[in-house]
There are 2 protein chains.
Amino acid sequence: MTMDTNTTEEQILEAAKKVFRAKGMQGARMQEIADEAGINKALLHYYFRNKEKLFMAVFADAFLQIMPNMDQIFSSDRSIEEKISVFIEAYINMLSAYPDLPIFILSEARRDPTILFEVLEKSGIKPVSITEFILLEMEKGNLVRMNPSHMMVNIVSLCVFPFLARPLLETVILKKQGVDPAEFYNIRLEEVKTFVLRAVIPNYSES
Amino acid sequence: MTMDTNTTEEQILEAAKKVFRAKGMQGARMQEIADEAGINKALLHYYFRNKEKLFMAVFADAFLQIMPNMDQIFSSDRSIEEKISVFIEAYINMLSAYPDLPIFILSEARRDPTILFEVLEKSGIKPVSITEFILLEMEKGNLVRMNPSHMMVNIVSLCVFPFLARPLLETVILKKQGVDPAEFYNIRLEEVKTFVLRAVIPNYSES
DNA sequence: GTCTATACGGCGATAGAC
DNA sequence: GTCTATCGCCGTATAGAC
């Protein structure tokens, strides 16, 4: 995406992203961020006044990146089956590129839930109601009848959870069953797709 | 479960559970645990030598509680459909009773992945291969053919994720769509059951 | 076993020269 | 804008009386 330009402020921000995402707010050290940026600790306070401010910049960036923009995909003119398939593919691919984002977001949101409100205010979010669209497709018989919120949460769950639980999966579950983690993640995209479509598309097996 | 007996050590452990689970290793303060236990800070170090030791006791306890013991449920003589249904119900009910366990476990495992190995060694875990059982049911035509690991991970994902993402769900998604969080969690159990069964039981819709 | 008092180190933040 | 040096707090851990 945005190559780190050479301005000091952006160097700091890139370094902060790296360290905060890896260690979290409480685990990160201002010294480590300064080292990573190749500058001095005092400069951090010159550009961003304190640790909290610097952290919020990083968190806001991460938050916007992980919020699924369903509307864009769902406003295309494909069939509902294709839309769901495309969404899952896009979301899992994004998560594969930034696998540490989900646990970072949720850990910090749990530590201090107020940061969610803060981010939501600063960046106008679009409360596009995908719900109505889903209900419409159910009316038409293109989707199984179920609660739309749960349908959405279910799809996101299946995409995100393996990234959240990665340490657990790798050291416990998969290892225990003799499964190669790399292979597991390789085939996951297709497995999720068919699992979801079987659950939400009427008579999907026969199609 | 175990009522807090009056021995000081257990009072400390109960207090530590409460504080560590709520704040995490880095957010917890020894002083707060001491206050919660109604004793002095120095006593914490008398019983458990340092913060790390006390934390590990709490983490191990939480870990054992959250590890799904599928084997017990899956070794019953019910049909596969009933087994899955019972498992989902048992697991979601357990999580509802201890909703902060999942994010606690995963946050700490991410902060220091080695604690997983530590816990696994201290408490002999049973690597019961549920995989073979699943494959057998697929052979018999009672389950849709898919990768067994992913089937298991999918089911767990749907159960656990809403608890992990609760702050996000409540402040962003649900609020955005005008959904009452309490109502959402109330109906979730049934929604997950039918969603999973539709995905894994052949011709479930017609049954 | 339980307490009070204190030592010790780490880290965020600031002062101030250049 | 960038640096060095240092302050001051906070939190873990220990010393030692009872």
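Numbers restart at 1 for each chain; the letters A, B, ... are given by sequence-line order, proteins then strands. Both backbone and side-chain heavy atoms feed into the values below; hydrogens, waters and symmetry mates do not.
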Whole-Å distance separating the [atom1] atom of [X] from the [atom2] atom of [N]:
{"X": "B:D35", "N": "D:dG11", "atom1": "CG", "atom2": "P", "value": "12 Å"}
{"X": "B:F55", "N": "D:dG11", "atom1": "CZ", "atom2": "P", "value": "18 Å"}
{"X": "B:E32", "N": "D:dC10", "atom1": "CD", "atom2": "P", "value": "15 Å"}

* **Check ion pair A:R145-A:E139 (N to O, under 4.0 angstrom)** =>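 Yes, this pair counts.
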* **B:F20 vs B:F55, ring-ring contact (aromatic ring centres under 6.0 Å, His included): CA-CA, chis, key distance, verdict** => CA-CA 7 Å; B:F20 274 128; B:F55 167 78; 5.4 Å; yes
* **ring pair (Phe, Tyr, Trp, His ring centres under 6.0 Å) involving A:F195 - partner list, sequence neighbours excluded** =>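 Result, ring pair (Phe, Tyr, Trp, His ring centres under 6.0 Å) vs A:F195: none returned.
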* Sugar-phosphate means primed atoms, P, OP1 and OP2; the rest is base. With that split, encode nucleotides 2-18 of chain C 5' to 3' as B, S or - using protein heavy atoms under 4.0 Å. => BBB------SBBBB---
* Asked: Between A:F133 and A:F74, how do the two ring planes meet: parallel, tilted or perpendicular, split at 30° and 60°?
  ->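 A:F133 and A:F74: perpendicular rings.
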* **Polar side chain donor-acceptor pair, B:S107 to A:S107, under 3.5 angstrom** =>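 Looking only at side-chain atoms, A:S107 and B:S107 do form a donor-acceptor pair, the distance falling under 3.5 Å.
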